[in-house]
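Letters go in sequence order (proteins before strands), and every chain restarts at 1.
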4 protein chains.
Amino acid sequence: MSEHVQRSPERAKRLPRAVRERQILDAAVQVFSRYGYHSASMDEISDVAGVSKPMIYTYLGSKEDLFAQCIRREASRLLEAVESGIQPDLPPDMQLWHGLRSFYRFVADYRESWTVLHRQALAVGGSFAEEITSMRSRAIELVAALVVSAGSQKGLADQVEKSGEGLAAALVGAAESLADWWLDHSEVTDGVLASWLMNLVWLGFNDLVEGRVWTPSSSPAHNE
Amino acid sequence: MSEHVQRSPERAKRLPRAVRERQILDAAVQVFSRYGYHSASMDEISDVAGVSKPMIYTYLGSKEDLFAQCIRREASRLLEAVESGIQPDLPPDMQLWHGLRSFYRFVADYRESWTVLHRQALAVGGSFAEEITSMRSRAIELVAALVVSAGSQKGLADQVEKSGEGLAAALVGAAESLADWWLDHSEVTDGVLASWLMNLVWLGFNDLVEGRVWTPSSSPAHNE
Amino acid sequence: MSEHVQRSPERAKRLPRAVRERQILDAAVQVFSRYGYHSASMDEISDVAGVSKPMIYTYLGSKEDLFAQCIRREASRLLEAVESGIQPDLPPDMQLWHGLRSFYRFVADYRESWTVLHRQALAVGGSFAEEITSMRSRAIELVAALVVSAGSQKGLADQVEKSGEGLAAALVGAAESLADWWLDHSEVTDGVLASWLMNLVWLGFNDLVEGRVWTPSSSPAHNE
Amino acid sequence: MSEHVQRSPERAKRLPRAVRERQILDAAVQVFSRYGYHSASMDEISDVAGVSKPMIYTYLGSKEDLFAQCIRREASRLLEAVESGIQPDLPPDMQLWHGLRSFYRFVADYRESWTVLHRQALAVGGSFAEEITSMRSRAIELVAALVVSAGSQKGLADQVEKSGEGLAAALVGAAESLADWWLDHSEVTDGVLASWLMNLVWLGFNDLVEGRVWTPSSSPAHNE
DNA sequence: TATGAATGAGCATTCATTCAT
DNA sequence: CATGAATGAATGCTCATTCAT
């Protein structure tokens with residue numbers, strides 16, 4: 001179970017509290033992302049952090065507290081990364097494009113952060129799931145706003161209006177799923193991933209906005 | 001923690017093995033979906049199943065085994081449900097359409113199965129993640145085949161060829177994400193969900209196939 | 001710290017629950033009386049009981065629960081012992097006399113029970129102290145009733161009326177203190193101890209000095 | 001758990017050692033009396049004392065040492081208080097009377113000291129119990145001497161000779177018990193308590209009932 | 001077949017105690 | 001003199017798992 005995890009070589013001494021807290025959080029993210037909340041042991045975290053267990057409790061509180069702080073820190077990082085990649089004065093599609101690229105760069109740079117956020121946090125019931133879910137909801141709303149703003153620019157097709165949030169949820173899910181897929185197919189670049197998504201959902205979305213609609217009865221099997 | 005879970009009223013006796021196994025698996029899915037793998041206790045499962053713990057071990061093996069069998073059974077059910085909804089002689093888009101509707105009907109009918117598969121199984125490291133991932137991969141490949149077959153009907157654009165699996169992964173993710181979203185917005189029907197997805201991804205995909213491509217430089221900000 | 005404590009020699013097997021519970025409670029009283037609530041470890045209790053720790057938790061609950069049940073059981077035993085020694089149709093002084101003898105016999109027979117009740121239970125704050133205090137209060141009231149009934153038989157002197165409970169508290173304390181003293185001076189018999197107390201509080205030290213002595217046979221029940 | 005405990009507002013600096021030691025002991029008595037030996041934490045003591053933990057260790061040694069010194073200091077205070085209230089040239093009963101009043105005044109003035117001594121010290125096994133027991137023994141011997149001296153003045157009845165120490169133990173226990181009772185019935189004065197005891201043990205309950213009452217003014221020292 | 005009885009092993013958490021500054 | 005930083009060592013408790021009947 002505890003294969004090979006990076007650990008601080010020597011028990012460093014007398015560091016200021018802030019530094020220690022960062023060390024501990026780093027270690028915690030690493031371990032939580034590997035084993036999940038329940039299987040992760042405070043022993044291993046303290047080990048990886050190069051710090052004794054009591055310090056963890058003194059500085060960061062209980063295991064639950066620790067996990068919560070991991071989640072929050074990584075979620076903030078992710079949001080910041082994405083936001084910092086977006087220029088709000090660009091048109092919606094460019095915003096989405098840059099947002100997606102930033103997102104994938106983050107996933108690449110901080111695999112563990114992404115794993116904790118995406119894979120582990122939801123499985124742990126209670127407040128964590130809520131917290132994560134609410135962050136995800138915020139992301140979805142953000143995308144929905146983008147989608148709707150794009151639609152209104154072009155005359156806001158009915159389809160878009162009604163389904164904005166649903167479409168956004170689908171888009172976010174697609175992006176996440178592609179991120180997961182990427183973890184096992186790292187040969188493509190973040191730009192390629194973002195392109196795929198843009199082509200898949202943006203072109204489709206564009207059609208919608210311009211009045212082209214897919215319905216079961218419009219399928220070639222039926223309408224010719 | 002243990003709010004209100006259905007439990008068998010009386011300790012029944014001398015049932016054939018197959019029946020017992022089903023009872024146990026049902027209970028296990030119920031409990032796992034509520035609490036997640038680690039927080040679920042064999043005690044509660046045996047309680048809900050109306051069976052003593054040793055029986056579980058005799059019939060289904062360890063907790064890990066039990067979970068694996070839950071996963072497999074529910075995944076099979078899901079796949080069956082989806083496949084049985086598809087008529088292979090229809091055109092690709094209609095197949096996708098029917099597949100999506102079947103998928104959402106399954107999610108609605110077997111919430112717990114879906115929860116176990118989607119939320120819990122990935123968080124548990126090791127063999128489970130692999131198993132789930134491989135099943136998901138199969139689903140993705142299936143969709144990819146659909147996508148590619150649609151592409152080749154129309155002359156297989158390059159974009160599609162290279163990105164088929166990625167697009168499929170994105171589509172599957174979008175469908176899953178929308179399923180999650182649906183759990184909290186049950187006012188729309190499965191048909192609506194499927195429509196959204198078809199409009200979002202199929203129209204977009206169609207554009208691709210027909211040579212319309214989104215690139216950063218084709219965005220209005222750049223080409224005017 | 002863990003000098004030499006009697007322990008069950010062999011890990012006995014498959015005993016009915018009631019028996020195990022008794023074993024565990026016996027062991028717990030033994031260990032609590034030796035080390036006090038806090039220093040006693042569940043490990044040692046389980047060891048002495050010849051039972052694994054999980055059984056203790058399954059059968060008797062948490063350490064606090066366990067201690068509470070020890071207290072209650074021993075307190076009940078003590079009360080029963082004292083009450084069974086009293087014949088309510090005797091005059092008050094004879095009742096007191098027999099009650100005291102029973103009390104001291106109990107202390108002699110169940111040293112550990114007495115230690116737990118007297119020495120340990122009060123030091124642990126919270127509900128235990130309250131429980132013990134309330135039992136002690138009941139004992140005091142009982143004695144107070146005796147005292148007052150004796151007083152009213154003789155015309156109820158004012159002093160007695162006003163101070164009944166205080167006197168009873170003092171008497172109970174005297175009895176307890178003498179019990180403690182006895183633990184280090186076991187050469188005298190329970191009868192002697194009871195005599196001392198009767199002479200001290202019933203007759204009065206002054207009387208003693210002047211040659212008046214209370215003996216069971218000088219009680220009104222006998223000497224008329 | 002840590003409701004509201006007085007604490008030094010500002011971390012004072014550079015005080016002479018003796019002062020620091022007093023601060024710490026005061027805090028320790030306060031905390032030990034509230035929570036008992038085991039539940040009291042060095043952290044809280046240092047907190048209440050307004051001193052860092054290492055200082056405690058430097059000045060007073062281990063937790064055990066600290067507790068021992070609390071016990072000794074408070075016991076000394078108690079003994080001094082009682083002794084200073086006694087005038088050795090008075091007759092025994094008056095000495096007892098004054099001693100008791102001093103004792104109750106001490107209990108009233110230093111509740112915490114009394115609590116530590118009476119409730120906590122015995123429950124902690126090992127050397128503390130011995131120390132406390134030995135101090136209590138000294139008190140008992142003192143009283144015994146008083147009793148015996150009273151007896152010998154009047155011709156030393158046999159009963160007294162043999163049972164002197166036992167009687168004294170009973171008397172001391174009665175006084176302590178009454179002190180405890182007092183903590184919950186503070187409406188009576190220390191004089192009343194002392195009177196009750198004098199009447200109970202010195203004169204005898206029987207005497208009381210028959211109208212003979214001990215009062216300070218009826219003591220031989222005064223009424224002859 | 002079916003189960004109440006029993007446990008090994010692990011985990012979160014706490015606390016007295018000590019360095020390094 | 002004085003302390004924030006740091007930890008070794010316990011301890012209460014839980015849970016998957018297995019016998020003996």
Side-chain angles (χ1 to χ4, degrees), chain A residues 1 11-17 19-20 38-46 50-59 61-66, chain B residues 11-17 20 38-46 50-59 61-67, chain C residues 1 11-17 19-21 38-46 49-59 61-66, chain D residues 11-17 20 38-46 50-59 61-67:
Chain A
M1 266 278 175
R11 195 130 300 197
K13 298 214 166 180
R14 240 9 67 164
L15 295 183
R17 174 165 182 155
V19 176
R20 286 288 190 219
H38 284 102
S39 298
S41 84
M42 296 299 271
D43 268 302
E44 176 142 10
I45 293 174
S46 78
V51 153
S52 70
K53 263 190 299 178
M55 288 221 65
I56 303 186
Y57 285 91
T58 305
Y59 285 171
S62 71
K63 189 185 188 183
E64 205 167 317
D65 293 340
L66 180 58
Chain B
R11 196 133 297 199
K13 294 208 165 190
R14 300 271 153 177
L15 294 184
R17 173 159 182 157
R20 285 286 193 221
H38 284 102
S39 299
S41 82
M42 296 299 272
D43 269 302
E44 176 142 10
I45 292 173
S46 80
V51 154
S52 71
K53 267 190 297 178
M55 280 213 78
I56 301 185
Y57 284 89
T58 305
Y59 283 171
S62 72
K63 188 185 188 184
E64 209 166 312
D65 294 340
L66 180 58
F67 189 62
Chain C
M1 262 279 174
R11 196 131 299 196
K13 297 214 166 182
R14 245 359 80 157
L15 296 184
R17 176 168 181 150
V19 176
R20 286 287 190 221
E21 287 190 348
H38 284 102
S39 297
S41 83
M42 295 300 271
D43 269 302
E44 176 142 9
I45 293 174
S46 78
V51 152
S52 70
K53 261 191 299 177
M55 288 222 64
I56 303 186
Y57 284 92
T58 304
Y59 286 171
S62 71
K63 189 184 188 184
E64 206 167 316
D65 293 340
L66 181 59
Chain D
R11 196 133 297 197
K13 295 208 164 188
R14 301 270 151 177
L15 294 183
R17 172 160 182 155
R20 286 285 193 221
H38 284 102
S39 298
S41 83
M42 296 299 272
D43 268 301
E44 176 142 9
I45 292 173
S46 80
V51 154
S52 71
K53 267 189 298 178
M55 281 213 76
I56 301 185
Y57 285 89
T58 305
Y59 283 171
S62 72
K63 188 184 188 183
E64 208 166 313
D65 294 340
L66 181 58
F67 189 62

**OP:** For residues B/Ser46 and B/Ser52, report the shortest heavy-atom separation together with the two atoms involved.
**Re:** CB-C, 4.1 Å
Original post:
Once you round it to whole Å, what is the distance between C1' of F/dC1 and OH of D/Tyr59?
Top reply: 6 Å
Original post:
Where is the tightest heavy-atom contact between C/Thr58 and C/Arg17, given as atom of each residue plus distance?
Top reply: O-NH2, 3.8 Å
Original post:
If every non-hydrogen atom of C/Ala40 is compared with every non-hydrogen atom of C/Lys63, which pair is closest and at what distance?
Top reply: O-NZ, 2.8 Å
Original post:
Nearest heavy-atom pair of A/Arg20 and A/Gly50: which atoms, and what distance?
Top reply: NH1-O, 4.5 Å
Original post:
Could you give the CD1-to-C1' distance, from A/Ile45 to E/dT13, as a whole number of Å?
Top reply: 14 Å
Between the protein and nucleotides 9-11 of chain F, list every N/O to N/O distance that falls short of 3.5 Å.
none

Subject >> Length of the CG-P vector between C/Leu15 and F/dA20, whole Å >> reply: 14 Å
Original post:
Counting only side-chain N and O atoms of C/Tyr57, is one of them less than 4.0 Å from OP1 or OP2 of F/dT14?
Top reply: no
Original post:
Between E/dA6, F/dT3, E/dT17, which nucleotide has the shortest distance from any of its atoms to the side chain of D/Met55?
Top reply: F/dT3
**OP:** Tell me whether the OP1 or OP2 atom of F/dC1 has a side-chain N or O from D/Arg20 closer than 4.0 Å.
**Re:** no
Subject >> Along DNA chain F (nearest heavy atom to each residue), the more 5'-positioned of C/Gly61 and B/Gly61 >> reply: C/Gly61
**OP:** Using a heavy-atom cut-off of under 4.0 Å over every strand shown, decide if C/Ser62 touches base, sugar-phosphate, or nothing.
**Re:** sugar-phosphate
Subject >> Length of the CD1-P vector between A/Ile56 and E/dC15, whole Å >> reply: 17 Å
Original post:
Tell me, which stems hold DNA chain E, with a stem being 3 or more Watson-Crick or G-U pairs in a row and both distances under 3.5 Å?
Top reply: E:2-21 with F:2-21
Subject >> Spacing between C/Asp65 atom CG and F/dT14 atom P, to the nearest angstrom >> reply: 10 Å
Subject >> Nearest atoms (heavy-atom pairs only) where C/Asp65 meets C/Gly61 >> reply: OD2-CA, 3.7 Å
Subject >> Residue list, ring-ring contact (aromatic ring centres under 6.0 Å, His included) with A/Tyr59, at least two apart or on another chain >> reply: none
**OP:** Drop me the distance from B/Ile45's CD1 to B/Ser41's OG, to the nearest 0.5 angstrom.
**Re:** 7.0 Å
Subject >> Distance, nearest 0.5 Å, that separates CD1 of A/Ile56 from NZ of A/Lys53 >> reply: 8.5 Å
Subject >> Integer-rounded Å distance: E/dT13 C1' and A/Glu64 CD >> reply: 14 Å
